[in-house]
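Structure, as structure tokens:
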Amino acid sequence: MANVQNQSVFYAERPEWEDVIPLPQYESVKPLAPIFYTPEYKDATDYFRGIVRMGEKSPRVLDLTENIIRQNPAHYSAWQYRYKTLMALGVPLEEELRLMDELAVKYLKTYQVWHHRRLLVQQTRNPAPELAFIAGCLQEDAKNYHTWSYRQWLLAHFNDEALWANELDFVDGMLDIDVRNNSAWHHRFFVVFQSGVRKGEEDRSEVLHRELTYVKMKISVVPNNMSAWNYLRGILDHSKTPYSTLASFVAPYCEAEPTRPDDSSKDIVDLEDPFPSQDAHLPCAAAIEFMADVHESLGGDNLKVATELWSSLASTHDAFRKKYWEYRIREAQSRAH
């Protein structure tokens, strides 16, 4: 880890760096729109270019690159040269991972931080602690793309059953916290359908039924949740299941005041076709779109029904996308003639 006491001292003023000739970024160049850096950053990067020209890989290079990364965590050349230096020195990588524990949380949205961590874990071949670390990062930003992407890489790269064992439970927990977390829904699809068949999930028809039940229950609680509707469409498309098979489930969500089951059964939840919750905001635009797609797929006279549903979206339920619904209507009408 870089010497904090020396961070305020320019490299040009440090005796231990006097053997390095700094290399300015704009040497012999006069750019039309130069980038103006802080004096500290310019000093460090000038010496970094000097080090790269020398080809030096030493402990002081690790201090220098850490200094630059802390000023600009997206400096990919500093990251790359740092990794090469670590490999050349053969230093234990556990300390570097501890540094990454700090920097990854501090710079969650910086790709280079996660790429560097990936390179380190490929060397240590010890992925187990990473799951808990990722979970902690997701507590800071539950939808961060780089964090979820790293988790998927970790699972797929090492493909260890022990790593996969509790992954579905983990996603369940994330969706319990925020059912609208699109990243968690995407990860669930990755786990269930895109990463091979896990032990105990060999019966894919049973898995499909489980996932349909799961997503329908989530929709019943929060109908206007596009993430859940997208997941529903995704698993139907993946399994080549016709949308029309879910018409009885979706239909009540298209009505402002659907006819509810008898009071005698109000405490019984139909897992196959769960009814919208009492406080649901209906009608649901995603449900109307789904039913329009159902009628469009059936063709014939059903195209008229689909057109009526699209018209209701354009005029009332999803007027923000009015132009899109009008386009769908024109396309359907052109096919009808």
Side-chain angles (χ1 to χ4, degrees), residues 1-125 130 133-134 137 141 144-150 153-154 157:
M1 186 172 291
N3 189 329
V4 178
Q5 293 180 341
N6 288 337
Q7 293 305 299
S8 61
V9 181
F10 288 142
Y11 288 90
E13 300 172 357
R14 302 182 191 185
E16 68 271 24
W17 284 87
E18 63 183 9
D19 61 312
V20 180
I21 300 174
L23 179 62
Q25 180 175 5
Y26 298 127
E27 185 180 33
S28 303
V29 177
K30 293 183 178 180
L32 293 175
I35 300 173
F36 291 98
Y37 301 108
T38 64
E40 294 81 3
Y41 185 74
K42 184 179 182 301
D43 170 67
T45 52
D46 285 353
Y47 273 82
F48 173 68
R49 283 185 287 272
I51 280 288
V52 172
R53 180 171 55 184
M54 293 169 57
E56 178 181 332
K57 295 180 177 66
S58 64
R60 71 175 181 176
V61 173
L62 297 180
D63 288 341
L64 174 62
T65 52
E66 183 182 341
N67 185 335
I68 294 170
I69 286 165
R70 287 186 180 278
Q71 296 185 68
N72 176 14
H75 196 305
Y76 58 86
S77 295
W79 281 111
Q80 181 187 40
Y81 203 77
R82 180 178 183 84
Y83 178 73
K84 289 181 178 180
T85 301
L86 288 167
M87 294 300 100
L89 296 178
V91 298
L93 298 180
E94 287 69 26
E95 182 177 350
E96 184 75 1
L97 279 170
R98 285 194 292 272
L99 174 62
M100 290 304 100
D101 288 350
E102 174 200 342
L103 297 182
V105 175
K106 191 174 182 179
Y107 306 115
L108 278 174
K109 296 184 178 181
T110 303
Y111 165 76
Q112 288 80 4
V113 177
W114 294 100
H115 179 68
H116 187 70
R117 191 177 190 96
R118 180 183 299 192
L119 294 175
L120 296 176
V121 176
Q122 282 179 313
Q123 293 294 327
T124 63
R125 300 200 61 78
E130 295 299 289
F133 170 74
I134 295 167
C137 291
D141 183 354
N144 184 264
Y145 169 79
H146 297 306
T147 312
W148 284 104
S149 180
Y150 178 69
W153 169 81
L154 190 82
H157 180 78

(request) Please step through side chain to side chain donor-acceptor pair (under 3.5 Å) for the pair S58 and E56, ending with a clear verdict. (result) CA-CA 6 Å; S58 64; E56 178 181 332; 2.5 Å; yes
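Partners of A104 according to the side chain to side chain contact (heavy atoms under 4.5 Å, CB included) rule, which considers only residues two or more places apart in sequence or in another chain, are V113, W114, F133. Under the side chain to side chain donor-acceptor pair (under 3.5 Å) criterion, S77 pairs with no residue at all, not counting sequence neighbours. E96 meets the side chain to side chain donor-acceptor pair (under 3.5 Å) test with R82, H116; sequence neighbours excluded. Here D141 pairs with L108, K109, K143, N144 under the side chain to side chain contact (heavy atoms under 4.5 Å, CB included) rule; sequence neighbours left out. With sequence neighbours excluded, no residue forms a ring pair (Phe, Tyr, Trp, His ring centres under 6.0 Å) with Y83. By the ring pair (Phe, Tyr, Trp, His ring centres under 6.0 Å) test, Y41 pairs with Y37, sequence neighbours left out. Residues passing the ring pair (Phe, Tyr, Trp, His ring centres under 6.0 Å) test with Y47: none are found, sequence neighbours excluded. The side chain to side chain contact (heavy atoms under 4.5 Å, CB included) check on E94 picks up P92, R98, with sequence neighbours excluded. Scanning for salt bridge (Lys or Arg N to Asp or Glu O under 4.0 Å) contacts around K42 gives D46, with sequence neighbours left out.
The CG atom of L97 sits 11.0 Å away from the CD atom of Q123 when rounded to the nearest 0.5 Å. The CG atom of L86 sits 10.0 Å away from the CG atom of L119 when rounded to the nearest 0.5 Å.
Residue pairs meeting the ring pair (Phe, Tyr, Trp, His ring centres under 6.0 Å) criterion with at least one partner in residues 87-110, sequence neighbours excluded, do not occur; the list is empty.
L89 places none of its side-chain heavy atoms less than 4.5 Å from the side chain of V61. Using a 4.5 Å heavy-atom cutoff, the side chains of L99 and E102 are in contact. I51 has its side chain within reach of W17: a pair of non-hydrogen atoms, C-beta onward, lies under 4.5 Å apart.
Ionic pairing of R60 and D19 is present here: one or more N-O contacts between side-chain nitrogen and carboxylate oxygen are shorter than 4.0 angstrom.
Between H115 and Y111, the ring center distance clears the sub-6.0 Å criterion.
Surrounding CD1 of I21 are at most 12 heavy atoms belonging to other residues, nucleotides or ligands under 6.0 Å away.
Of the possible donor and acceptor atoms, one in the side chain of W79 sits under 3.5 Å from a partner among the backbone N and O of P73. No side-chain donor-acceptor contact under 3.5 Å links R53 to the backbone of L23.
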